[in-house]
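Take a look at the structure set out below.
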Amino acid sequence: MRLANLNGRLAVVAGDAAVDVAEASEGRFAADPQAVFAEWDLFREWAASLDTSRGDSFSMEDLGPPVPRPRQVFAIGINYAAHASEAGYPPESAPVTFTKFPGCLAGPVCEVELPSGTVDWEVEMVVAVSRETAGVRREDAWDHIAGITLGQDLSERTSQLAGAKPQFSLAKSFANFGPTGPWLVTPDAFDDPSDLAISCSLSGETMQEARTSEMIYDVPELLVRLSRVCRLFPGDLVFTGTPSGVGNARSPKRFIRPGEVLVSDLEGVGRLTQRFVAKGSGT
Ligand code: ZN
């Protein structure tokens, strides 16, 4: 099942069409896409018998972030060995954990105004938590995942590295620095949700290309480690880390310029498209 945020309303997407959940359920489930996670199991039960043949066509531009207001957004750094190596970190150290402040989340197709500095791409698989939990056991971890989506962990490297210590969270939370989507896909829709092709290209040049099975700490392990410390809530997001090929690690370094388009893909999920504009020229 694919769950989308269409003009701020929860929709089930089947093929090229979307079914409005609040209408189809006659108000049993709210229109707010964030509200569904509070009664996730009941929703899945209801949606299993939903007739998706009567959906309406829609435009990708009208999609918002599938999880618009997560209570917590966890983000993991240095989670692919090749990226650890290009960034100069030992791959065997613990997962680096930070947040993207939720105000930076955006939909799958959007314009991003470039702040001063050096803006870089980081394509990432993102998972959404399905229920309140702590102390997740590895064997149960996928039961705590509502779905998988695609994200860009856009990062402004100059402010990230400006302080006495790296400021990941702040430098990755400018407006629209967290595009996600195009929808949330439930884990049962994949043959193997832990082995998906992931890539991104800038101005037509492939910059990152990997498989999510290359993660150092896989999704179950991340949930185990995060939930040892933090209580997880329905609709929380986890950005699971980026593969190698970021601009900051290239020689020469390569950052996003005004007018460029970043296209990101995740197998079985879909595509994000971000167009970048100069500071002060955002619409
Ligand atoms: Zn990242």
Side-chain angles (χ1 to χ4, degrees), residues 65 67 70 72-91 93-106 108 110 112 114-115 117-128 148-163 165-181 196-202 207-219 221-223 225-226 236-250 253-256 262-266 269 272 274 276:
V67 183
Q72 306 181 104
V73 179
F74 300 95
I76 306 299
I78 318 300
N79 200 22
Y80 287 78
H83 177 56
S85 165
E86 72 176 1
Y89 292 98
S93 53
V96 175
T97 308
F98 54 96
T99 190
K100 286 177 82 74
F101 297 109
C104 76
L105 294 174
C110 68
V112 183
L114 289 165
T118 46
V119 176
D120 202 350
W121 53 87
E122 292 193 0
V123 68
E124 307 197 6
M125 182 171 106
V126 179
V127 295
I148 295 170
T149 191
L150 173 59
Q152 264 289 345
D153 176 18
L154 294 172
S155 306
E156 197 285 284
R157 303 299 187 195
T158 304
S159 57
Q160 178 178 319
L161 301 170
K165 294 277 185 181
Q167 305 227 48
F168 290 113
S169 304
L170 197 61
K172 293 162 172 276
S173 297
F174 287 89
N176 289 3
F177 265 37
T180 52
L196 307 174
I198 186 165
S199 63
C200 77
S201 68
L202 183 67
M207 293 299 191
Q208 297 186 278
E209 200 167 27
R211 299 196 68 84
T212 58
S213 53
E214 296 167 39
M215 284 180 194
I216 299 169
Y217 302 97
D218 63 8
V219 168
E221 188 64 22
L222 291 177
L223 244 58
R225 287 174 181 249
L226 290 171
D236 281 355
L237 291 181
V238 183
F239 282 67
T240 59
T242 200
S244 64
V246 300
N248 196 44
R250 288 172 180 262
K253 291 177 190 293
R254 170 79 161 89
F255 299 109
I256 302 174
L262 180 66
V263 174
S264 311
D265 290 289
L266 178 60
V269 175
L272 307 177
Q274 273 61 56
F276 293 83

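If you're wondering where the values come from, they're calculated on a predicted model, not measured in any experiment. Ligands are counted one by one from 1 in listed order, and the atoms in each one are counted from 1 as well.
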Hey, does the Lys NZ or Arg CZ of Lys100 hover above the aromatic six-ring of Phe177, less than 6.0 Å from the centre and inside 45° of the axis? no
Residues Lys172 and Glu124 bridged, charged N to O under 4.0 Å: no
Using a strict threshold of under 4.0 Å (side-chain N to carboxylate O), is an ion pair present between Arg250 and Glu86? no
[X], N/O/S atom nearest the Zn ion (ligand 1):
{"X": "Glu122", "answer": "OE1"}
{"X": "Glu124", "answer": "OE2"}
{"X": "Asp153", "answer": "OD2"}

Will you find, in the side chains of Gln167 and Ser159, an N or O donor that is under 3.5 Å from an N or O acceptor? no
